[in-house]
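Working notes for the structure below.
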Amino acid sequence: MTIDDLVRRVPPPPAPVDGDGDWTAVDRTLGRSLPADFKDLVRRYGRGEFLDFLFPHTPFGLGNLLDEADGLLELEGPLRDEFPENYPYPLHPEPGGLLVWAATVNGDRLCWLTGGEPHRWPVVVWDPRGSRYERHDVTATGFLSAWIDGRLTCGLFPPMPQVAPWFEPVRDLTRIYVRLAGDEHPYAERLRILRAALAPTTDRGGVESADGLRQDRFVATAARWRVTYETMYGHQVRIAFPPGDADRVRAALSAAVASMGCRVLSAMTGDGTPTWTR
């Protein structure tokens, strides 16, 4: 599987963020050469997220792959000493150790099991919270292509959204959590009203729990605002937007919420700072 297979399925950004740098220095720092397909992945996509869920670590910029590699053994070593049964694989920089190349928003790590030729390194998905691992004998780009196409299932990941896949390059975004009260209309009608108020929108998928709680995600296309409407983790709208759009977001959401037959209980940024209350 080549980078071209992934590019055909998921268009890369025109100007990747932190997509290029001194690869020779990267390989020298790690003490091993990274796989060529991963270098192609970084050059084409840079920093960002596939499906708002999985983000590769480029070796350039802040919080990069080199930082992850440098701190892995220091972070996990003491835990491994105490609970060796939870660590079936060695850790970088140990010979053949796990080397993290991506992560998910749920905290999973995507690693190579290094050893042998880099183009043959398998991918190990590691859930450090539950000490669970899944090995897949594919390259990094092969994993991404097959996962996005539904040809590879990872038991540690949630179900794939049934929408066209996307890649979102990293941006400076403000994240607001708007808690709501009121259910004058059914959920589906409230969602329709919200999307109409922020139109045009692009679907980013949704889920429904066994007890009927919902979560639906979409993008307000013109403004590139990322929106989640849900009752799954409380009745709320979550919205991510460029900091300069704050006044527009407040006006648009206030009008939309009123039309939905709801009212705003609170609005807070991702760090818990209050913004507006009505």
Side-chain angles (χ1 to χ4, degrees), residues 10-17 46-55 104-106 158-209 212-278:
V10 186
V17 178
R47 282 202 298 143
E49 294 178 350
F50 288 92
L51 283 70
D52 294 346
F53 178 73
L54 188 155
F55 48 96
T104 74
V105 296
N106 290 342
M160 288 282 291
Q162 299 303 304
V163 293
W166 68 92
F167 177 84
E168 180 75 22
V170 67
R171 294 185 292 151
D172 180 21
L173 297 176
T174 296
R175 289 171 169 81
I176 299 293
Y177 297 73
V178 183
R179 303 284 293 189
L180 303 178
D183 55 1
E184 178 179 325
H185 304 292
Y187 178 94
E189 177 64 8
R190 300 197 304 269
L191 174 63
R192 185 199 66 77
I193 293 170
L194 177 62
R195 292 190 62 162
L198 302 179
T201 64
T202 301
D203 191 17
R204 287 287 175 86
V207 293
E208 183 171 1
S209 67
L213 300 178
R214 291 271 300 271
Q215 182 185 85
D216 291 271
R217 298 181 296 154
F218 61 92
V219 173
T221 311
R224 296 181 65 198
W225 299 342
R226 296 162 59 173
V227 186
T228 299
Y229 179 52
E230 66 181 348
T231 54
M232 189 165 287
Y233 299 104
H235 186 192
Q236 65 181 348
V237 176
R238 291 185 277 148
I239 185 164
F241 55 90
D245 289 355
D247 289 341
R248 291 174 57 206
V249 167
R250 176 174 181 173
L253 276 188
S254 296
V257 167
S259 297
M260 293 161 66
C262 302
R263 68 182 188 280
V264 173
L265 294 178
S266 65
M268 294 183 292
T269 60
D271 63 4
T273 301
T275 55
W276 72 88
T277 56
R278 63 181 185 277

At their closest point, which heavy atom of [X] faces which heavy atom of [Y], and how far apart are they?
| X | Y | value |
| --- | --- | --- |
| E168 | R224 | OE2-NH2, 3.2 Å |
| L51 | P165 | CD1-CB, 3.9 Å |
| R204 | D52 | NH1-OD2, 3.4 Å |
| A256 | I193 | O-CG2, 4.1 Å |
| M232 | S209 | CE-N, 3.8 Å |
| H185 | R190 | O-NH1, 2.6 Å |

About how many Å separate [atom2] of [Y] and [atom1] of [X], when rounded to the nearest 0.5 Å?
| X | Y | atom1 | atom2 | value |
| --- | --- | --- | --- | --- |
| R248 | L198 | CZ | CG | 10.5 Å |
| F241 | R175 | CZ | CZ | 10.5 Å |
| T273 | M268 | OG1 | CE | 9.0 Å |
| L54 | E49 | CG | CD | 9.0 Å |
| Q215 | Q236 | CD | CD | 9.0 Å |

Does a side-chain heavy-atom distance below 4.5 Å link [X] with [Y]?
| X | Y | result |
| --- | --- | --- |
| P161 | F53 | no |
| W166 | P11 | no |
| V264 | S254 | no |
| L194 | L253 | yes |

Suppose we screen for side chain to side chain donor-acceptor pair (under 3.5 Å). Which residues come up paired with T174, at least two apart in sequence or across chains? none
Does Y229 have its ring centroid less than 6.0 Å away from the ring centroid of Y187? yes
Solution key, residues 176-183 side-chain donor-acceptor pairs under 3.5 Å, sequence neighbours excluded:
from : atom 1 : to   : atom 2 : distance (Å)
R179 : NH1    : Y233 : O      : 3.1

Sort out for me which residue in Q162, R217, R195 forms a side-chain contact (heavy atoms from CB on, under 4.5 Å) with D203. R195
T202 side chain to T221 backbone, donor-acceptor under 3.5 Å: no
Do T231 side-chain atoms and R214 backbone N/O form a donor-acceptor pair below 3.5 Å? yes
Can you tell me if R171 has over 12 outside heavy atoms packed within less than 6.0 Å of its CZ? yes
Test of understanding: with ring pair (Phe, Tyr, Trp, His ring centres under 6.0 Å), list the residues that count as partners of F50, not counting sequence neighbours. Y45, F167
